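In what follows, chains are A, B, ... by sequence order, proteins preceding strands, each numbered from 1. If you're wondering where the values come from, they're calculated on a predicted model, not measured in any experiment.
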Amino acid sequence: FARKHKGAFILRFEDTDTERNRPELIEPILESLRWLGLLWDEWPYFQSHRFALYREWAERLFTEGKAYKCYCTPEELEEKRKRALAAQQKPKYDGRCRSLTAQEEQRFLSEGRRPALRLKIPQSGIIAVEDAIRGRVEFDSSELDDFIILRSDGRPTYNFSVVVDDVTMNITHVIRADEHLNNTPKQILLYRAFNYPVPIFAHVPMVLAKDRSKLSKRHGATAVFEFRDRGILPEALVNYLARLGWSHGDQEIFSTEELIEKFSLEAVHPSAAIFDEEKLWWVNHHYIQTGDPKRLGELLRPFLVKLNMMSEAEAQAVPNEQLADLVTFFKERCRTLVDLAEAARYVLTDNIAYEPAAVKKFLTPEKVELLRALAEALASVTPFAAAELERATRAYLESQGKTLKDVAQSCRVALTGKTAGAGLFETMELIGKTKVIARLQRASTVIGESSGEGVIQRHFTMEHYNTRMHLL
RNA sequence: GGGACGUUCGUCUAGCGGUUUAGGACAUCGCUCUCUCAAGGCGAUAACGCGGGUUCGAAUCCCGCACGUCCCA
């Protein structure tokens with residue numbers, strides 16, 4: 001919205017709650033926003049650094065007679081609240097300290113009480129919020145009380161500090177989750193007290209978890225990192241999130257540029273949305289298919305390490321060309337970067353994860369014999385490319401009175417460890433002659449080794465290949 | 001306890017009184033393709049929270065109720 005209207009996107013940390021305010025939480029938030037490509041225009045502001053300003057603005061309201069000192073203790077207030085609730089009354093401040101005599105004030109001060117500052121609000125009347133999404137929402141003044149703007153320890157309350165900030169930062173549009181709609185009348189009262197025009201408010205729907213409970217905002221950055229680590233692309237997450245509570249015809253896929261161009265508050269609808277991971281995977285799949293293979297290849301590197309396929313140094317050493325080729329080869333059946341990295345495992349390493357069920361079903365002694373013979377037939381194929389391999393394989397099988405169906409799955413398991421994957425001959429070409437021959441040859445050892453119970457993965461190294469090659 | 005907001009397929013949504021046998025997307029399930037798995041193509045299942053009104057006509061307007069969420073805390 002800010003980009004579309006050539007405004008400034010200001011990042012502000014509302015960290016007046018000194019107990020919950022932990023400096024180590026800041027960097028992850030900045031990092032998550034950077035990763036998403038949501039780049040702010042000014043250095044972030046911290047409310048915790050602006051207490052002097054809030055105090056100054058609060059004192060001004062006091063001087064102008066718009067706010068007053070309240071000496072009531074939390075215990076007294078709690079007591080009143082309980083009594084009100086017991087009497088089925090609305091628990092709001094009774095205005096006790098609105099008109100204190102000098103004498104009473106002296107007495108409180110001599111007792112060592114420190115005053116809080118409360119805003120004097122109109123006793124009656126309607127406060128209307130003109131919400132850009134929900135239309136006019138009216139609140140009766142009698143529902144509100146003289147709320148605290150500055151606590152007795154000098155800390156501002158949320159409603160006060162945000163309004164001071166919005167005024168001093170010349171904020172024109174307040175777009176936020178609808179949990180704040182009920183705070184808005186109080187804030188409007190503050191704008192009026194400051195003689196400052198009320199900005200445009202727009203309360204957007206919340207995003208809820210699957211069980212309709214609220215997604216914790218304190219875990220926002222963590223959640224972003226979680227998706228990043230699960231191989232989600234930033235543009236996919238932004239695209240998916242943008243379509244929650246907002247739509248533009250039947251369109252589902254939006255580039256960031258398109259979002260800037262097409263977003264409008266009028267098209268935001270008011271009801272809450274549930275976060276559906278399945279659809280996020282689908283959006284991500286789209287961006288994996290259409291993204292630049294070179295870029296995706298680079299993004300793959302950290303996952304090669306995370307998935308224990310190789311060391312950091314080895315991952316760095318894989319040529320970008322090869323990574324890009326792997327992306328192109330595997331992307332069709334991959335929804336995430338993790339899928340891509342995992343798919344490429346049998347190409348980049350010899351550390352193959354053989355699926356036990358697949359070995360049991362397809363690497364029977366009879367099939368293994370056939371594979372060994374096939375390896376010999378393929379050893380002379382030149383070039384070692386898909387079309388030639390297919391021709392040679394089919395010819396050989398025909399000579400043996402067999403069909404491709406008889407051997408394809410066994411062959412795939414021997415080469416990749418899996419029953420599912422890309423075309424067999426394309427896979428052979430990708431793996432390369434040496435490894436294909438070796439893996440077909442050593443299929444018998446896979447049975448031998450995995451016939452035992454509980455064998456989930458077989459790990460073998462180049463030494464094994466060399467030995468087998470020698471025997472060959 | 002009071003107040004505010006919300007309620008269309010399982011999910012995201014279109015719809016802003018008649019063009020609606022309620023449209024699209026994700027998911028699900030078929031079919032197709034086939035060496036497997038995907039992808040793609042084709043198709044299917046599936047929704048207006050409930051009850052009153054207004055109107056010739058309501059998912060669309062009004063009222064009540066229920067449920068959910070938020071605020072006062």
Practice task
Provide the distance between the two C1' atoms, one in B:U21 and one in B:C35, to the nearest whole Å.
Solution key: 44 Å
Exercise for the section: Quick one: pull up CD in A:E355 and NZ in A:K361 and give me the separation to the nearest 0.5 Å. Expected result: 12.0 Å
Handout entry: From B:A4, B:A39, B:C12, nucleotide with atom closest to A:L181 side chain
Key = B:A4
Completion exercise
When rounded to whole Å, the CZ to P distance for the pair A:R83 and B:G2 reads 21 Å
Exercise for the section: Both distances under 3.5 Å, Watson-Crick or G-U wobble: report the partner of B:C33, or none. Expected result: none
Practice task
To the nearest Å, give me how far apart CG (A:L415) and C1' (B:C35) are.
Solution key: 12 Å
Exercise for the section: Would you kindly give the CG-to-C1' distance between A:D131 and B:G6, to the nearest whole Å? Expected result: 13 Å
Handout entry: Nearest heavy-atom neighbours spanning A:L296 and A:I288
Key = CD1-O, 3.4 Å
Problem - Between B:G18 and B:U55 - C1' atom distance, rounded Å - result: 12 Å
Handout entry: Side-chain donor/acceptor contact of A:R134 with base of B:C5 under 3.5 Å
Key = no
Problem - C1'-based separation of B:U7 from B:A47 [nearest Å] - result: 12 Å
Handout entry: N-O pairing of A:K279 and A:E252 below 4.0 Å
Key = yes
Practice task
Report yes or no: do A:R176 and A:T184 form a side-chain donor-acceptor pair below 3.5 Å?
Solution key: yes
Handout entry: Given RNA chain B, 5'-ward residue of the pair A:E426 and A:R212, judged by closest heavy atom
Key = A:E426
Handout entry: Summary of protein contacts for nucleotides 23-31 of chain B, nucleotide by nucleotide, where a base hit scores B, a sugar-phosphate-only hit scores S (4.0 Å, heavy atoms)
Key = BBBSS----
Completion exercise
Any strand, both distances under 3.5 Å, Watson-Crick or G-U wobble: B:U20 pairs with none
Practice task
Could you measure between the two P atoms, the one in B:G64 and the one in B:A4, and give it in whole Å?
Solution key: 11 Å
Practice task
Output yes when a side-chain donor or acceptor of A:N159 lies under 3.5 Å from a complementary backbone atom of A:Q187, and no otherwise.
Solution key: no
Handout entry: A:R439 bridged to A:D350 by N-O distance under 4.0 Å
Key = yes
Exercise for the section: Kindly point out which of B:U7, B:A4, B:C35 is positioned nearest to the side chain of A:V137? Expected result: B:A4
Practice task
Select base, sugar-phosphate, or nothing to describe what A:L244 touches, counting heavy atoms under 4.0 Å on all strands.
Solution key: sugar-phosphate
Between N or O atoms, less than 3.5 Å apart, protein on one side and nucleotides 44-48 of chain B on the other: list the pairs.
none

Problem - Residues A:E369, A:K402: salt bridge by 4.0 Å N-O rule - result: no
Problem - Gap between atoms CD and P, on A:E266 and B:G15 respectively (whole Å) - result: 13 Å
Completion exercise
Mate of B:G51 across any strand shown (Watson-Crick or G-U wobble, both atom pairs under 3.5 Å) is B:C63
Problem - NZ/NE/NH1/NH2 to OD/OE distance under 4.0 Å, A:E398 and A:R394 - result: no
Handout entry: C1'-based separation of B:U69 from B:C62 [nearest Å]
Key = 24 Å
Handout entry: Atom-pair distance (CG on A:D140; C1' on B:A4), nearest Å
Key = 12 Å
Problem - Given A:R113, A:R81, A:K82, the one that forms salt bridge (Lys or Arg N to Asp or Glu O under 4.0 Å) with A:E76 - result: A:R113
Exercise for the section: Check whether the side chains of A:S48 and A:D15 place a donor and an acceptor atom closer than 3.5 Å, and report yes or no. Expected result: yes
Exercise for the section: For this output row, return yes or no: ring centroids of A:H286 and A:Y240 closer than 6.0 angstrom. Expected result: no
Handout entry: ring-ring contact (aromatic ring centres under 6.0 Å, His included) partners of A:F330, counting only residues at least two apart
Key = A:Y346
Handout entry: Rounded interatomic separation in angstrom, taking CH2 from A:W246 and P from B:G15
Key = 13 Å
Problem - Euclidean distance, A:K92 NZ relative to A:E143 CD, rounded to 0.5 Å - result: 7.0 Å
Handout entry: Nearest-Å distance once atom P is located in both B:A27 and B:U20
Key = 28 Å
Problem - Pairwise C1' distance, B:C26 and B:U36 [rounded to whole Å] - result: 26 Å
Exercise for the section: Check every strand shown and say whether A:A422 touches a base, only sugar-phosphate, or nothing at a heavy-atom separation below 4.0 Å. Expected result: base
Handout entry: Interatomic spacing from OG in A:S161 to CD1 in A:I149 - rounded to 0.5 Å
Key = 11.0 Å
Completion exercise
Comparing nearest nucleotides in RNA chain B, the 5'-proximal residue of the pair A:Q289, A:S247 is A:S247
Completion exercise
Between CG of A:D178 and C1' of B:U7 the distance, given in whole Å, is 13 Å
Exercise for the section: Check step by step if ring pair (Phe, Tyr, Trp, His ring centres under 6.0 Å) holds for A:W35 and A:F225. Expected result: CA-CA 9 Å; A:W35 181 76; A:F225 292 144; 7.9 Å; no
Problem - Minimum heavy-atom distance between A:A58 and A:L150, given as atom pair plus value - result: CB-CD2, 3.8 Å
Exercise for the section: Would you mind classifying the nucleic acid contact of A:H203 as base, sugar-phosphate or nothing, using non-hydrogen atoms under 4.0 angstrom? Expected result: nothing
Problem - Sub-4.0 Å heavy-atom contacts from residues 382-405 of chain A onto RNA chain B, ordered by number - result: A:R394, A:L404, A:K405
Atom pairs, protein N/O to nucleotides 61-65 of chain B N/O, distance under 3.5 Å:
none

Set out, line by line, the N/O atom pairs under 3.5 Å between protein and nucleotides 71-73 of chain B.
residue	atom	partner	partner atom	Å
B:C72	O2	A:K90	NZ	3.4

Problem - Short N-O contact, A:R151 and A:D153, less than 4.0 angstrom - result: no
Problem - A:E298 and its side chain to side chain donor-acceptor pair (under 3.5 Å) partner, picked from A:R295, A:R301, A:K294 - result: A:R301
Handout entry: Nearest-angstrom distance, C1' atom, B:U19 to B:A14
Key = 15 Å
Handout entry: Pair assignment for B:A4, Watson-Crick or G-U wobble, requiring both distances under 3.5 Å
Key = B:U69
Practice task
Specify the separation, in whole Å, of atom CD1 of A:I274 and atom P of B:G6.
Solution key: 17 Å
Practice task
Would you tell me whether A:N183 and A:Y158 have side-chain atoms, one donor and one acceptor, within less than 3.5 Å of each other?
Solution key: no
